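Taking it in order: structure first as structure tokens, then the write-up.
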Amino acid sequence: MRGRYRLAAYLTGATIARTGDELSGPALLLLGLSVDGSAATGSALLAGLTISAAAGGPLLGALLDRSPRPGRLLAWALLAYAGGLGAVLALVEIPAAIAVAVAAGLLNPALAGGWTAQLPNVRGTTPLARASTLDAMTFTAASLAGPGLAGLVAAYAGAPAAVALAITLVAAAFPAAWSLPAADAKPMRPIRRQLADGFAVLFRNRALLRATATSTVSFVGIGMAIVCYPLLGAQRLGNPGFGALLLTVLAAASLVANAVLARRPPPPDRTVLASTVLLGASFLLAAAGHDMATLLAAAVLAGFAEGPQLSSLFAIRHREAPAAVRAQVFTTAASVKITGLAAGAALAGPLSALSVTVALSAAAGCQVLAAATYVLVGARRPSPARAA
């Protein structure tokens with residue numbers, strides 16, 4: 001019973017924090033638009049918040065691995081991240097606000113990898129594969145609720161209120177993070193040695209390297225597709241709002257897929273490859289679609305792929321990462337994926353200016369490249385965990 005309570009508290013806190021994070025992106029875009037009427041300002045704020053994640057992830061993970069109470073360190077990281085968003089909201093000068101957003105972004109991996117690395121300590125008797133699927137569902141639920149809340153609050157109370165709600169949600173997860181259980185005692189090593197050990201695990205463990213490389217390339221394509229969906233709504237369905245509807249359908253399909261698979265999760269390694277191929281097919285279908293039915297089918301197909309891909313990635317990391325560097329593996333992998341997503345969104349701008357079909361075809365091409373990466377980086381020999 002205690003294990004179930006801990007897992008429920010973990011999932012609740014993760015959902016609240018991640019909803020705040022998903023809300024913050026659209027809210028910052030709207031905030032920039034409200035400040036000077038330029039979409040470029042909001043885009044710069046969002047880019048600043050995401051681009052520094054790759055730098056902050058490894059160090060944050062190493063500190064979590066060293067801490068005897070990682071939940072408390074995670075709680076303070078959430079509070080600092082919320083404070084950074086508050087500083088962005090309070091600042092009037094845009095260059096200073098962007099600089100603060102970059103600093104706050106260093107802590108962004110705490111909401112993804114930092115939380116997920118604590119899952120083995122709270123899952124109790126729940127099988128790890130099922131717990132990983134439930135954890136992945138918190139991301140999907142957040143991506144479903146966050147943008148909608150941002151638009152609703154901004155429409156009725158203004159963009160600053162939407163940013164304030166994001167800050168409140170991230171800070172509200174503080175008690176759940178603080179209550180996470182203590183970790184097993186670990187021998188203290190110099191931080192440089194610990195960082196080196198974490199990177200060595202990521203690069204030498206074939207299963208981890210394959211999953212990380214495949215998902216990073218895949219997320220470049222996903223970043224492109226996210227930019228393209230509103231354009232699809234505007235150009236092919238006559239209203240950009242229909243593009244937001246397609247993203248909502250994608251998130252809902254992802255949630256349904258993981259809910260169905262939670263009871264009996266499929267083999268994670270094969271699922272990463274299959275979901276990547278399915279994502280490529282969905283983007284090609286969207287590129288070719290010119291009516292609502294086809295585009296909705298493409299969004300559903302993408303959701304059926306994206307949800308299982310994420311839960312399978314979690315399962316592989318939990319299976320392969322040693323406890324001594326688990327948090328670093330999760331935060332580093334999460335930060336690299338965030339950077340891949342940001343790179344894809346940036347590439348989609350000039351490509352979609354040429355044609356949304358070209359941009360979506362490029363997104364599908366990224367999935368083909370990701371599948372090729374999976375094959376090329378394939379494990380030459382099974383890891384000890386897989387052999388066991």
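Starting from 1, each residue takes its place in the sequence as its number. Everything numeric in this text was worked out from a predicted model, so none of it was measured. Values below: every heavy atom of this structure, side chains too, minus hydrogens, waters and symmetry copies.
Evaluation of the side chain to side chain donor-acceptor pair (under 3.5 Å) rule for Thr357 yields Arg236 as partners, not counting sequence neighbours. Evaluation of the side chain to side chain donor-acceptor pair (under 3.5 Å) rule for Arg18 yields Thr116, Asp135, Thr138 as partners, not counting sequence neighbours. For Ala364, the side chain to side chain contact (heavy atoms under 4.5 Å, CB included) partners two or more places apart in sequence, or in a different chain, are Phe283, Leu284. For the side chain to side chain donor-acceptor pair (under 3.5 Å) test, residues two or more places apart in sequence or in another chain that qualify with Asp197 are Arg189, Arg193. For Thr294, the side chain to side chain donor-acceptor pair (under 3.5 Å) partners are Asp291, not counting sequence neighbours. With sequence neighbours left out, Phe314 forms a ring pair (Phe, Tyr, Trp, His ring centres under 6.0 Å) with Phe139.
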Under 3.5 Å, sequence neighbours excluded: what are the donor-acceptor pairs made by side chains of residues 166-176?
from, atom 1, to, atom 2, distance (Å)
Thr168, OG1, Ala164, O, 2.9

List the atom pairs, with distances to 0.1 Å, where a side-chain N or O of residues 301-310 and a protein N or O form a donor-acceptor pair under 3.5 Å, not counting sequence neighbours.
from, atom 1, to, atom 2, distance (Å)
Glu306, OE1, Ser254, OG, 3.1
Gln309, NE2, Ser218, OG, 3.2
Gln309, NE2, Thr276, OG1, 3.2

Let me have the donor-acceptor pairs involving side chains of residues 68-85, under 3.5 Å, with sequence neighbours excluded, atom names and distances please.
from, atom 1, to, atom 2, distance (Å)
Arg69, NH2, Leu180, O, 3.4
Tyr81, OH, Asp21, OD1, 2.9
Tyr81, OH, Asn108, ND2, 2.9

For residues 144-153, which side-chain donor-acceptor pairs fall under 3.5 Å, sequence neighbours excluded?
none

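Residues Asn121 and Arg6 fail the side-chain proximity criterion, which asks for heavy atoms closer than 4.5 Å. Two residues are said to be in side-chain contact when any heavy atoms from C-beta on lie closer than 4.5 Å; Pro266 and Leu261 meet this criterion. Counting heavy atoms from C-beta on, the side chains of Leu250 and Tyr229 come closer than 4.5 Å. Leu285 has its side chain out of reach of Leu295: every pair of non-hydrogen atoms, C-beta onward, lies at least 4.5 Å apart. Between Arg326 and Pro120 the shortest side-chain heavy-atom distance falls below 4.5 Å. Thr214 places none of its side-chain heavy atoms less than 4.5 Å from the side chain of Leu273. Using a 4.5 Å cut-off on side-chain heavy atoms (C-beta onward), Leu49 and Ser24 make contact. In this structure, the side chains of Thr339 and Thr216 stay at 4.5 Å or more apart for every pair of heavy atoms.
Between atom OG1 of residue Thr212 and atom CD1 of residue Ile316 there is a gap of 8.5 Å, rounded to the nearest 0.5 Å. In this structure, OG on Ser312 lies 8.0 Å from CG on Asn258, to the nearest 0.5 angstrom. Between Glu320 atom CD and Arg210 atom CZ the span is 9.0 Å, to the nearest 0.5 Å. The distance from atom CZ of Arg192 to atom CG of Leu195, rounded to the nearest 0.5 Å, is 10.0 Å. Going from atom CZ of Arg206 over to atom CG of Leu208 covers 12.0 Å, rounded to the nearest 0.5 Å.
Thr140 contributes no side-chain N or O that, together with a main-chain N or O of Leu255, makes up a donor-acceptor pair within less than 3.5 Å. Between the side chain of Ser335 and the backbone N or O of Thr332 there is at least one donor-acceptor pair closer than 3.5 Å.
Ion pair Arg319/Asp269 flagged as a salt bridge, since at least one NZ, NE, NH1 or NH2 atom sits closer than 4.0 Å to an Asp/Glu carboxylate oxygen.
With hydrophobic clusters built from ILVMFWY side chains whose heavy atoms lie under 4.5 angstrom apart, Val336 does not share a cluster with Phe330. In the hydrophobic clustering of this structure, Val217 does not group with Phe203; members are Ile, Leu, Val, Met, Phe, Trp, Tyr whose side-chain heavy atoms approach within less than 4.5 Å, directly or through other members. Both Val100 and Leu107 are part of a single hydrophobic cluster, where members link through side-chain heavy atoms under 4.5 Å apart. Follow the hydrophobic side-chain contacts under 4.5 Å out from Leu111 and you reach Val163 in the same cluster. Criterion: ILVMFWY side-chain heavy atoms under 4.5 Å apart, direct or through other members. Under it, Val256 and Val249 are not part of a common hydrophobic cluster.
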Discussion item. Let's go through Leu119 and Leu7 carefully: what are the C-alpha distance in whole Å and the side-chain angles of both, what is the deciding distance for side chain to side chain contact (heavy atoms under 4.5 Å, CB included) to 0.1 Å, and is it a yes or a no?
Written reply: CA-CA 8 Å; Leu119 186 62; Leu7 181 58; 3.8 Å; yes
Worksheet item: Can you list the steps and then say if Gln328 with Asp65 is a side-chain hydrogen bond (donor to acceptor under 3.5 Å, both in side chains)?
Response: CA-CA 7 Å; Gln328 187 183 340; Asp65 284 323; over 6 Å; no
Practice prompt. Please test Leu347 against Met224 for side chain to side chain contact (heavy atoms under 4.5 Å, CB included), starting from the C-alpha separation and ending with a verdict.
Written response: CA-CA 7 Å; Leu347 287 170; Met224 291 181 178; 3.8 Å; yes
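Ring-centre distance between Tyr10 and Trp115: below the 6.0 Å cut-off.
For residues 295-304, the set of pairs meeting the salt bridge (charged side-chain N to carboxylate O under 4.0 Å, His left out) definition, not counting sequence neighbours, is empty. Sorted pairs that involve residues 331-371 and meet ring-ring contact (aromatic ring centres under 6.0 Å, His included), not counting sequence neighbours, are lacking altogether.
Residue Thr331 comes nearest to Gly113 through the heavy atom pair CG2-C, 3.8 Å, listed as atom of the first residue, atom of the second, then distance. Shortest non-hydrogen contact noted between Leu60 and Pro109 is CD2-C, 4.2 Å. Here the shortest heavy-atom pairing between Ala371 and Val277 reads CB-CG2, 4.3 Å. Pairing each heavy atom of Ala213 with each of Thr373, the nearest pair is CB-CG2, 3.6 Å.
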